[in-house]
Amino acid sequence: MDKQDDISDDALDALFATARAEPPSMPDALKQAVLADAASVQHNLVKEARNQSATPTEGWRLVVDMLGGFLGVAGLATACVAGLLIGLSPPGVFADPEVWAIFDTALPVDSFDLADVFAEDIE
């Protein structure tokens, strides 16, 4: 603060004590008008909330909006269909999961080393 304060702390304490002793009063007409306005606003909000019951189509709209709109739903459906098709008939580069389960031809865990995989990147 650049200016020197002319009022001491004791004087401020006395002013605050006086203000606390005599709280400001609101005229009764103003108080009634504020309370009536608040009650009407609250009544209108409750009335609007009751009128806006969720219909089944609104529920689906909310789900579609959460998924990113119709483009998001289309992408999700495409990914689901692709995953189902790949799971039912895997491409030839993948071994058949039934073969892994029956013949146990999976690689042992100790035969795989990340150092061999990344060796050409290091050189």
Side-chain angles (χ1 to χ4, degrees):
M1 297 199 320
D2 295 337
K3 294 169 58 174
Q4 288 288 346
D5 293 330
D6 294 336
I7 300 176
S8 67
D9 288 339
D10 295 331
L12 280 176
D13 289 338
L15 286 174
F16 287 137
T18 305
R20 279 190 220 107
E22 300 172 10
S25 63
M26 181 185 292
D28 288 334
L30 178 61
K31 186 187 293 185
Q32 294 300 323
V34 168
L35 290 176
D37 184 46
S40 69
V41 169
Q42 186 176 14
H43 176 71
N44 289 338
L45 289 175
V46 170
K47 186 175 163 182
E48 288 177 15
R50 287 182 182 162
N51 289 339
Q52 295 178 348
S53 61
T55 61
T57 57
E58 288 179 5
W60 283 108
R61 284 186 194 155
L62 290 174
V63 171
V64 169
D65 288 342
M66 286 186 339
L67 292 174
F70 288 107
L71 290 177
V73 172
L76 183 63
T78 303
C80 289
V81 169
L84 182 68
L85 289 176
I86 290 172
L88 291 176
S89 59
V93 293
F94 299 120
D96 194 11
E98 294 171 358
V99 173
W100 293 348
I102 295 172
F103 298 109
D104 195 36
T105 58
L107 292 173
V109 175
D110 59 348
S111 69
F112 184 74
D113 190 11
L114 280 177
D116 295 336
V117 173
F118 295 115
E120 61 189 38
D121 291 340
I122 295 172
E123 294 173 358

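The structure presented is a predicted model; accordingly, all values stated were derived computationally and were not measured.
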**Asked** Counting heavy atoms not belonging to Leu85, are there more than 12 under 6.0 Å from its CG?
**Response**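 Correct, the count exceeds 12.
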
**Asked** In terms of heavy-atom contacts, does CG of Asp9 have more than 12 from other residues, nucleotides or ligands at under 6.0 Å?
**Response**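 Atom CG in Asp9 is not crowded, with 12 or fewer foreign heavy atoms closer than 6.0 Å.
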
Quick one: side-chain contact (heavy atoms from CB on, under 4.5 Å) partners of [X], sequence neighbours excluded?
X	value
Leu45	Val41
Ala33	none
Met26	Leu30, Lys31

**Message:** I need the single residue from Asp65, Val64, Val63 that forms a side chain to side chain contact (heavy atoms under 4.5 Å, CB included) with Val73. Which is it?
**Reply:**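 Among Asp65, Val64, Val63, the one that satisfies the side chain to side chain contact (heavy atoms under 4.5 Å, CB included) with Val73 is Val64.
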
**Message:** Using 0.5 Å steps for rounding, measure from the CZ atom of Arg20 to the CG atom of Leu15.
**Reply:**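 The CG atom of Leu15 is 10.5 Å from CZ of Arg20, to the nearest 0.5 Å.
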
**Asked** How far does CG of Leu76 sit from CG of Leu71, to the nearest 0.5 angstrom?
**Response**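 Answer rounded to 0.5 Å: 12.5 Å.
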
